[in-house]
Amino acid sequence: MRTGIWVLGDQLWMGQAALNSCEHEKINTPVIIIESHNYAQKRPYHRQKLVLVWSAMRHFAAELRSTGWLVTYSISDDFETALLNWIKENRIDEVRIMSPNDRPFTQLINNLQLGCSINLIPNNHFLWSVTEFKEWANSRKRLLLEDFYREGRKRFNILVEENKPIGGKWNFDQQNRQPPKGKLKTPQVLWFEPDEITNSVIEEIKALSWTSYGEIEPFKWGVSRSNAKTILEHFIRQCLPTFGPYQDAMITGENSLWHSLISPYLNLGLLTPIEVIEAAQLAYFENNLDLNSVEGFIRQVLGWREYMNGIYHYVDEDYRESNWFNHNGSLPNFYWQSSQTDMNCLHQVLNQVEKTGYAHHIQRLMVLSNFALIVGVSPQKIESWFQAAFVDAYDWVMVPNVIGMGQFADGGILGSKPYASSANYLNKMSDYCGNCVYDYKQKIGEKACPFNFFYWDFLDRHQEQIKSLGRMNFVLGHLNRLKAEEINEIRALAVNWRENNCR
Ligand code: FAD
Ligand code: SF4
């Protein structure tokens, strides 16, 4: 019986479960990696996402070959044709695949007609397996990130001593929400020059008629394990020591501030979560770093990333269709073209996404997602946009982050209240409002900031539902104190704005 391994595009590390299971027989085990053009056309993906994934796949194929694996690299319209040819040529009886992390891809595999057995083996991309998360979740009434994160710290022995948190507290968030006041000295971002492989992918993608979104050049992402390790080292040295305080800040022209830029590599498998966490922990002990920065970063990877993946596999398949607020609006047109909006915050962040396929967490949550939420865009439409526009986007991470965290469409499985805010928050945490044609203080009138009238319109439209959450009574009190004429004008501004921007 001959086994062949299909390595999927986001499973690019030597230790992934399918390769691991045949490591002792690698010279007799054919491996295939497939670029499918039909699959790449499922969404209007950012051109840099296509370059990143295909170049990383080609680099990984070369790395596998150099260590003795027998690799077929196939460029094909669809997966099935490539697989059938490979199976025939290599007389394969069993196709072994590490289970995809994205649920729709499992469905795609289940629908393949290959004429031989398909063996899906458990995915080892995360610290918590799907089964372990389910056991944890089934034993609890609430699925709070904070509880999960503490359990993870103990389970993997990270920043703990005798089961107690180092520094006496699990969470130092209070110190990590500073607004960007004064001139901040931000770390330099480490980018890469495209090599020969990447340049040829860029040229191939330029020649494809069906790609349209995002600037393809300059392309500066890393594409290999060695690039990813360099980025991690750079982050640990230059950004981690001061990662914490300005985690939520946004500054014009600064794409990442102290953020790590490692999500594309973690999600492709070019970095493993445990090596990232251990590198941060080691730097804390060796260099005596501030705990609020190191703990704040470790919580992102050991807490949020694992939690989002756990939730994605825990909830039912129809979670992605959730729509607690019953929002059915269209996406504002300018999400696809930043030059079409004069709202400075959205213009800056959308323009950055067009250029890089990246925005940091608060830009995603409090600018892009927040605005879609208060406007009343359908959660599925904004989720679909996020999946196409970001280089680190995959189903497992987008569904909980956008449907759950960003849009509160699950009614509170993942969070306890919606991340909805007016321009006040943006003015406090960014420098965007200073250069805007709108006035962040106005909610009505000619210069009223759309974040303001939509925020109050959102509260007004969903008063009853929001009241039931019990956590936003303070702002509902404000809403009830607005004069009838003010509310009427807010409603009219919202209707008018949607008519002009969401067709
Ligand atoms: P850092 O701030 O340096 O954080 C370190 C790492 O922690 C990240 O690389 C990431 O792996 C992990 N992390 C932190 N928060 C989360 C989270 N909420 N969910 C999962 N991992 C997390 N992350 C993606 O990887 N892909 C996405 O497509 C994605 N879409 C998002 C959409 C929305 C609306 C929101 C609110 C968040 C989204 N996130 C996504 C989570 C988070 O914003 C990104 O992981 C992070 O901004 C990536 O940048 P970084 O590597 O510089 O992160
Ligand atoms: Fe954004 Fe409003 Fe501030 Fe302009 S004033 S940058 S639209 S929040």
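One-based numbering, in listed order, for ligands and for the atoms of each.
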The reported gap from CD1 in I487 to CG in D460 (rounded to nearest 0.5 angstrom) is 4.5 Å

Does R47 come within less than 4.0 Å of E215, counting only side-chain N to carboxylate O? no

If we only consider heavy atoms of F297, is any one of them less than 4.0 Å away from an atom in ligand 1? yes

Please classify the I262 to ligand 1 contact at 4.0 Å (heavy-atom distances, strictly less than): side chain, backbone, both or neither. both

Show which atoms of ligand 2 fall inside a sub-4.0 Å distance from at least one heavy-atom site of A423. 8 (S)

Please tell me if the side chains of F60 and L268 come closer than 4.5 Å, counting only heavy atoms from C-beta onward. no

Basic-acidic side-chain contact under 4.0 Å: D457, R498: yes

Show which atoms of ligand 1 fall inside a sub-4.0 Å distance from at least one heavy-atom site of L266. 11 (O)

For S260 and I231, work out which heavy atoms get closest and say how close. O-CG2, 3.9 Å

Looking only at heavy atoms of N427, does any of them come nearer than 4.0 Å to an atom of ligand 2? no

Can you check which of Q300, Q407, M398, H361 brings a heavy atom nearest to atom 12 (C) of ligand 1? Q300

List the atom of L350, the atom of S338, and the distance in Å for their closest heavy-atom pair. CB-CB, 3.6 Å

Just need the protein heavy atom nearest to atom 4 (Fe) of ligand 2, so name the residue and atom and give the distance. C436 SG, 2.3 Å

Within the 4.0 Å heavy-atom shell around R305, which atoms of ligand 1 are there? 11 (O), 20 (C), 21 (N)

Charged N-O contact under 4.0 Å between E254 and K185: no

For ligand 1, the portion of V397 having any non-hydrogen atom under 4.0 Å away: side chain

Of all heavy-atom pairs linking H313 and K134, the shortest is O-CE, 3.4 Å

Have a look at ligand 1 and work out which part of N267, if any, has a heavy atom under 4.0 Å from it: side chain, backbone, both or neither. side chain

Considering both backbone and side-chain atoms of F386, is one of its nitrogen or oxygen atoms within less than 3.5 Å of a nitrogen or oxygen in ligand 1? no

Just which atoms of ligand 2 are under 4.0 Å from any heavy atom in Y438? 5 (S)

So for ligand 1, is F390 a polar contact partner (N or O within less than 3.5 Å, distance only)? no

Test log, rule ring-ring contact (aromatic ring centres under 6.0 Å, His included), inputs F105 and Y39: CA-CA 10 Å; F105 210 89; Y39 191 74; 5.3 Å; yes

Could you pull out, from H259, M308, E306, R364, the option with a heavy atom nearest to atom 46 (C) of ligand 1? R364

Are more than 12 heavy atoms from other residues, nucleotides or ligands located less than 6.0 Å from atom CD of Q174? no

Just which atoms of ligand 1 are under 4.0 Å from any heavy atom in V301? 6 (C), 7 (O)

Show, in sequence, the C-alpha distance, side-chain angles and deciding distance for R150 and E146, and conclude whether the salt bridge (Lys or Arg N to Asp or Glu O under 4.0 Å) test is met. CA-CA 6 Å; R150 289 178 191 188; E146 194 59 34; 3.3 Å; yes

Are any of the N/O atoms in S263 less than 3.5 Å from those in ligand 1? yes

Measure the distances from the heavy atoms of Y358 to every atom of ligand 1 and state whether one is below 4.0 angstrom. yes

Hey, looking at atom 18 (N) of ligand 1, which of V402, V391, L368, N401 has the closest heavy atom? N401

N or O pair under 3.5 Å between S260 and ligand 1: yes

Is the F192-W221 ring centre distance short of 6.0 angstrom? no

How about D431 and T252: does a side-chain donor come under 3.5 Å of a side-chain acceptor? yes

Among all protein non-hydrogen atoms, which one is nearest to atom 2 (Fe) of ligand 2, and what is the separation to 0.1 Å? C449 SG, 2.3 Å

Against heavy atoms of A393, which atoms of ligand 1 measure under 4.0 Å? 28 (O)

Please check if any side-chain donor atom of Q363 sits under 3.5 Å from a side-chain acceptor atom of Q352, or the reverse. yes

For F243, state whether at least one heavy atom is located under 4.0 Å from any atom of ligand 1. yes

Flag C345 as yes if one of its N/O/S atoms falls below 2.8 Å of atom 3 (Fe) of ligand 2, otherwise no. no

For atom OH of Y419, is the number of surrounding heavy atoms from other residues, nucleotides or ligands below 6.0 Å larger than 12? no

In the protein, what heavy atom is nearest to atom 3 (Fe) of ligand 2, and what distance, to one decimal place, separates them? C433 SG, 2.3 Å

Can a donor-acceptor pair be found between the side chains of N333 and Q340 at a distance below 3.5 Å? no

Considering only the protein, which heavy-atom contact is closest to atom 26 (N) of ligand 1, and what is its distance? D392 O, 2.9 Å

Contact atoms of ligand 1, heavy-atom distance to L261 under 4.0 Å: 50 (P), 51 (O), 52 (O)

Of the protein's non-hydrogen atoms, which lies at the shortest distance from atom 16 (C) of ligand 1, and what is that distance? W304 CB, 3.7 Å

